[in-house]
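Heavy atoms only: backbone and side chains are in, while hydrogens, waters and symmetry mates are out. We're numbering straight along the sequence, starting at 1.
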Amino acid sequence: MAKQSKVAVVGSANVDLITFNDTFPRPGETIFGKKFDLGFGGKGANQAVAARRCGASVSMVAKVGSDLFGPATVTNFESLGIDASHVRIAEGISTGVAPIFVDPSGQNRIIVIKGANETLSPADVDAAAPVLSQADTILLQFEIPLATVYHTIHFAKSHGIRCIVNPAPALPLDFKEVATADYFVPNESEAEAITGIPVHTIDDAKKCADHLLTQGLSRVVITLGERGSLLATSAGQELIPAFKVAPIDSTGAGDAFIGSFAVFLAEGLKDMEALTRASLYAALSTTRVGTQKSFPNREEFDKEWRGRGIMNCEF
Ligand code: RIB
């Protein structure tokens, strides 16, 4: 039995308003949609939930608003067994929300209104230091102020805690501030936006990953959707193939990948095996509707992993 990992997330919590439809309106047009789903989301919260569903002990550091969604978000964390003692309510501001549009292929388009996430400050991170210092892994994304992200990376480094940075959504960043993170995990569009190198093919992704390494990062993982993911280090690059599933909603798949990757690593797996498992975990999440509620629990994941006959692969 693997040791229980301790994951902390300093990040966003949103409420997702997901519309499923075949087409989307043009300016001035009103159309009917097919289906709607309301659920808890936010890249930070999603990664926390994925890690928790994979069996980790998880703490969340976040800010929510003083509206209907804020207390409900805290209750959601608590009901999943996530420590929400550092999820604070910011008065007079809305909780982060994300209108999401999903097409028939399961692809999504997301608009994030950051709301209270924008008020998560370095001081909030310092206030959570007693909780954060217990973690073996800290996860970060870019839906909170970059100053808070940088501050947390320094905190992780100075406490010897593994730090995984998911630069999502992509923003212009200071590489000097993120270079000490252990893993930098953009998807293809984020990698392209951050480097200016177009990423259409696997060769493009390799060039882009090389460029990111030259900025001082030690391990880069570019996720490539149905083409898998690419791990790049100074020792070379390896492609992790994707698993075949029938996707219906890819919302949160990247977060499922990162949250589960953190757990598999903390349980002692090497990069390639942890990434391969995370790839299956993310693929499975696309076969169900919704964000956090599409994430399989550990039992479901282990069963699927065993069923695919990859238990004894050499990594
Ligand atoms: O990665 C998916 C997430 O992006 C959604 O849950 C939405 O809230 C946005 O943060």
Side-chain angles (χ1 to χ4, degrees), residues 5-12 43-44 47 51 61 117 120-126 128-129 132-133 135-199 204-224 229-240 254-255 257-259 261-262 264-266 269-272 274-275 278:
S5 52
K6 291 186 183 157
V7 174
V9 179
V10 177
S12 57
K43 295 182 196 302
Q47 292 175 22
V61 178
N117 294 307
L120 190 70
S121 67
D124 293 315
V125 175
D126 292 342
L132 292 174
S133 58
D136 50 49
T137 309
I138 295 181
L139 301 180
L140 290 157
Q141 320 72 30
F142 282 6
E143 289 181 336
I144 57 171
L146 276 186
T148 307
V149 173
Y150 298 159
H151 186 76
T152 312
I153 295 172
H154 294 306
F155 177 94
K157 181 71 183 168
S158 62
H159 287 76
I161 300 168
R162 180 186 295 120
C163 181
I164 302 177
V165 174
N166 169 219
L171 293 171
L173 58 86
D174 182 347
F175 279 108
K176 282 197 302 298
E177 298 284 353
V178 296
T180 58
D182 298 280
Y183 295 84
F184 188 75
V185 191
N187 68 16
E188 52 212 310
S189 68
E190 291 147 5
E192 176 170 333
I194 289 167
T195 61
I197 298 172
V199 182
D204 294 341
K206 289 182 174 172
K207 280 186 207 122
C208 189
D210 267 340
H211 177 82
L212 288 167
L213 292 176
T214 65
Q215 302 303 308
L217 295 160
S218 54
R219 289 186 205 84
V220 173
V221 178
I222 302 184
T223 58
L224 301 162
S229 54
L230 179 74
L231 168 68
T233 67
S234 57
Q237 301 197 348
E238 300 209 56
L239 191 66
I240 298 97
D255 302 325
F257 182 91
I258 291 167
F261 176 54
F264 299 135
L265 269 185
L269 298 181
K270 297 230 165 56
D271 284 347
M272 282 301 283
L275 288 168

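A donor-acceptor pair is defined here as one N or O able to donate and one able to accept, closer than 3.5 Å; no such pair exists between the side chain of Thr195 and the backbone of Cys208. Side-chain N or O atoms of His211 include none that pairs as donor or acceptor with a backbone N or O of Lys207 at under 3.5 Å.
Counted by atom type alone, Arg162 and Thr137 present one or more donor-acceptor pairs between their side chains at under 3.5 Å. If you check the side chains of Tyr183 and Asn166, you find no donor sitting under 3.5 Å from an acceptor. If you check the side chains of Asp255 and Gln141, you find no donor sitting under 3.5 Å from an acceptor.
A ring-centre distance under 6.0 Å is not found for Tyr150 and His154.
In this structure, the separation between CD1 on Ile194 and CD on Gln215 is 11.0 Å, given to the nearest 0.5 Å. Here CZ of Arg219 is found 15.0 Å from CG of Leu212. Values are rounded to the nearest 0.5 Å. One distance of note links CG of Leu265 with NZ of Lys270; it measures 11.5 Å at 0.5 Å rounding. Note: Leu140 CG to Ile138 CD1 = 7.0 Å, rounded to the nearest 0.5 Å. Rounding to the nearest 0.5 angstrom, the gap separating the CD1 atom in Ile161 from the CG atom in Asp136 is 8.5 Å. Atom SG of residue Cys163 and atom CZ of residue Phe184 lie 11.0 Å apart, to the nearest 0.5 angstrom.
Under the rule for a salt bridge (charged side-chain N to carboxylate O under 4.0 Å, His left out), Asp204 has no partner lying at least two apart in sequence or in another chain.
Results of the side chain to side chain contact (heavy atoms under 4.5 Å, CB included) test with Ile258 over Val165, Val9, Thr223, Leu139 single out Leu139 as the only residue that passes.
Between Leu217 and Val178, the closest heavy-atom pair is CD2-O, 3.6 Å. Between Pro169 and Glu143, the shortest heavy-atom contact is CD-CG, 3.5 Å.
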